[in-house]
Every structure is written in C-alpha cells, then in structure tokens.
Amino acid sequence: MAKKPRVKVPKSAKKGEQIQIKTLISHKMETGTRKNKKTGKLIPRMIINTFSCSFNGKELLKATLHPSVAANPYFAFYAKATESGTFDFVWTDDAGKTVSASSKMTVA
Amino acid sequence: MKKTSLIKQIVMFAGFGVLVAACAPKEEALKSGYDWAIPETQAMQDDDFSNPAFMWVDIGNDEWSKTDGEAGKSCADCHGADGSSMKGKSNMYPVYNKDDKKLRSIQDEVNNCRTNRMKAKAWKWESDQMLGMAAFIRTQSRDMPINVAVDGDAAPFFEAGKEFYETRRGGLDMACTHCHVDFPGVKIRANVLTNGLGNGFPTYRLKWQKIGSLHRRFRGCNKNIRAQPFKQGSDEYTNLELYLNHRAKGVMNESPSVRN
C-alpha cells in the first residue's frame with residue numbers, strides 16, 4: 001500500500017524569515033545486508049538513495065542517503081524566505097522509482 | 001541510664017517503623033510507557049508530524065470515506081463524514097458483544113462492520129488498512145482516560161485475562177506479572193520495563209519500523225519468554241487486552257504513540 005509522503009511547509013512567510021521545512025516518507029529502507037532466514041540469501045538493497053528539494057526549479061538541498069538510515073526517513077531543514085513560489089520534493093530509490101510532492105508558499 | 005536506653009528504644013522502634021513503611025508496596029497510579037521513554041522518542045510522539053504512525057492514520061482517514069463491498073457503503077455513510085463520532089468510544093474497548101457471546105476489540109468491530117454491513121472482505125489484523133483504521137479510530141479519543149467495563153457480562157472474560165496475566169508460561173516459566181508488576185523501571189537488557197499498559201496502541205515501534213497492534217506486542221512478549229504465542233485476535237489475547245486496559249484505567253489514551 002503506497003503511503004503518501006508528508007510535507008510541512010508554512011503557507012505564508014515574511015520576507016527574510018527563516019522557515020522550517022519537514023518531510024517524512026514511508027520506505028522500508030532495506031539495507032542489503034540482511035539475509036532471508038529461509039533461503040539464506042541476501043535480500044537486495046532497496047533504499048532511498050537521493051532526496052532533493054528545489055524551490056522554483058532551483059535546487060535548494062540535495063541529500064545522498066546510505067544504508068544506515070532507518071526506515072521511513074524524516075528530514076527537517078531550514079530555508080530563508082525570499083519570494084513566493086513552490087517547493088518540489090523528490091525521493092529516488094534504488095529501483096529508480098521516484099516519489100514527488102510539492103508545496104506552495106507565499107511571501108509577503 | 002535507664003532513661004537513655006528507653007529513648008534509644010523509641011528511636012529504634014520509630015526507625016523500624018519507617019523501614020517497614022518504606023518496604024510496604026505503594027499504591028501508585030500506573031505510568032504510561034511514554035514516561036519511561038527517552039526524550040528523543042517522546043519528542044517524536046509529541047509532534048504529530050514527526051510521528052510516523054500518522055502515515056497509517058492517514059490511510060485510516062482515507063479508508064473511512066472509501067466505499068467498499070457489495071452494499072456500496074463506507075464508514076462515513078453510517079458514522080459521519082469525519083471520525084468525530086468515535087470520540088471516547090475506543091477507550092471502552094474491548095467490550096462484551098451479545099451476538100458473539102465474547103469480547104470484541106476495535107479490530108473485531110471494524111471487521112464486523114465490513115463483513116455484515118458493508119458486505120466487504122474482512123481485513124487482516126496486521127494489514128496497513130486495519131492498523132490505519134484502528135489508529136484512526138483510537139486517535140479520536142486521544143488524551144481521554146482509558147475506561148473499560150469489567151463487570152456484568154464482561155466479568156468472566158476479565159477473570160480469564162487476569163488469569164492469563166498471572167499464569168507462568170514458556171521455557172522461562174514467567175508470567176506477565178514478573179516483569180510488569182514486580183520490576184517496572186528496571187532495565188531488561190537494554191530496554192526499560194514499563195507497567196505494560198496498552199494505552200498507546202496501535203503504536204509506531206522503532207524496532208518494527210512500522211505501526212503494530214497490541215496483540216503483535218503480546219506475541220513478542222510471549223516469544224521472549226519462549227512461550228508459544230497465540231494468534232492476533234485470539235480470545236486469549238482479547239481477554240488479556242481487557243485486563244490490561246483495566247490496569248490502565250484513568251491513564252490517558254496516547255494512540256498512536258511512538259515506542260522503542
């Protein structure tokens with residue numbers, strides 16, 4: 001069952017204000033080091049390897065994830081509000097599957 | 001000389017009295033697992049956004065208004081568009097049901113609605129939908145005290161749950177009481193033993209990396225003492241759930257909580 005990513009961005013902000021952005025996505029983050037108990041074979045790695053956030057098409061943050069990150073990765077970071085626009089969030093996993101979300105913010 | 005020895009005796013006697021008083025079992029209110037958790041885990045639960053269990057609550061919220069089954073109904077058709085009609089309800093569960101002649105937990109009630117009223121397929125106990133729906137319903141009664149009825153028709157099931165709780169089982173020959181009554185707050189390997197209340201379930205357990213039911217936790221406990229676990233939704237575990245909720249009477253419902 002696909003769960004929607006959760007994103008929290010303030011709807012409006014003052015110019016120059018520091019805003020907090022929070023994201024949470026559901027992913028099992030299979031490390032690639034676990035073994036199948038019955039067959040003894042390694043379970044292939046399947047993690048979200050890249051997370052990126054862009055604002056009005058310009059990259060704001062890009063993170064590379066590694067196998068030690070727990071399931072359901074949560075990101076919280078800060079940005080400075082300069083103009084109104086849209087935040088785009090993209091998560092990419094090892095299978096090349098991407099999940100995206102976007103959120104609008106108006107700057108007064 | 002005689003006088004001083006009398007005083008000495010009195011002091012000694014008083015001291016002994018204090019010692020006895022200190023050893024006597026104290027009737028204290030039981031604490032939620034939240035109070036034993038480390039600050040980081042507490043912070044995760046305090047913020048509904050960082051609480052990953054809310055991803056399942058969102059699923060429950062979606063399922064609430066989703067039409068399913070041959071009757072073409074959704075939960076919202078009978079119980080109102082949002083879940084607010086469920087406020088306070090879940091804290092009374094499990095309850096005795098006349099038709100079943102036994103207890104029903106929230107999950108049983110959901111599946112009863114699905115199969116009888118909606119003519120839809122029953123959900124599996126540990127499926128995302130069932131966990132989501134149970135969490136969604138329980139969240140409506142958040143910050144309200146657990147309040148189950150253990151008298152009347154529920155009494156024999158309460159007694160059965162109590163017996164389960166106090167019965168030694170498994171290779172380690174331990175009963176629930178040996179950890180959760182005798183040693184709350186004491187470490188068992190790297191974990192702190194709690195009063196073992198079910199007030200935060202379904203809970204997001206960091207070890208599971210997902211949300212899980214109270215009965216799944218029972219299975220884990222039973223396996224740890226090398227006992228044969230029962231099935232989720234079995235009568236034994238539902239009776240035990242009632243006994244646990246009786247113990248938790250007055251403790252606030254926290255579901256969906258975050259635990260380690």
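Residue numbers start from 1 in every chain, and the chains themselves are labelled A, B, ... in the order their sequence lines are given, proteins ahead of strands.
- With a threshold of 4.5 angstrom between heavy atoms, B:N51 approaches chain A through N, CA, C or O but not through any side-chain atom.
- Within residues 56-87 of chain A, the residues having any heavy atom closer than 4.5 Å to a heavy atom of chain B are A:A70, A:A71, A:N72, A:Y74, listed by residue number.
- B:N199 and B:S32 share a donor-acceptor pair across their side chains, judged by distance under 3.5 Å alone.
- Summarising the local packing, NZ of A:K22 is surrounded by more than 12 heavy atoms from other residues, nucleotides or ligands at distances under 6.0 Å.
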For this session: Could you walk me through whether B:F230 and B:F164 pass the ring pair (Phe, Tyr, Trp, His ring centres under 6.0 Å) test, one step at a time?
Result: CA-CA 12 Å; B:F230 293 89; B:F164 189 102; 5.7 Å; yes
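- Ring geometry for B:W64 versus B:H79: interplanar angle of 30 to 60°, hence tilted.
- Two residues are said to be in side-chain contact when any heavy atoms from C-beta on lie closer than 4.5 Å; B:C75 and B:M133 meet this criterion.
- Side chain of B:N253 to backbone of B:I146: no donor-acceptor contact under 3.5 angstrom is found.
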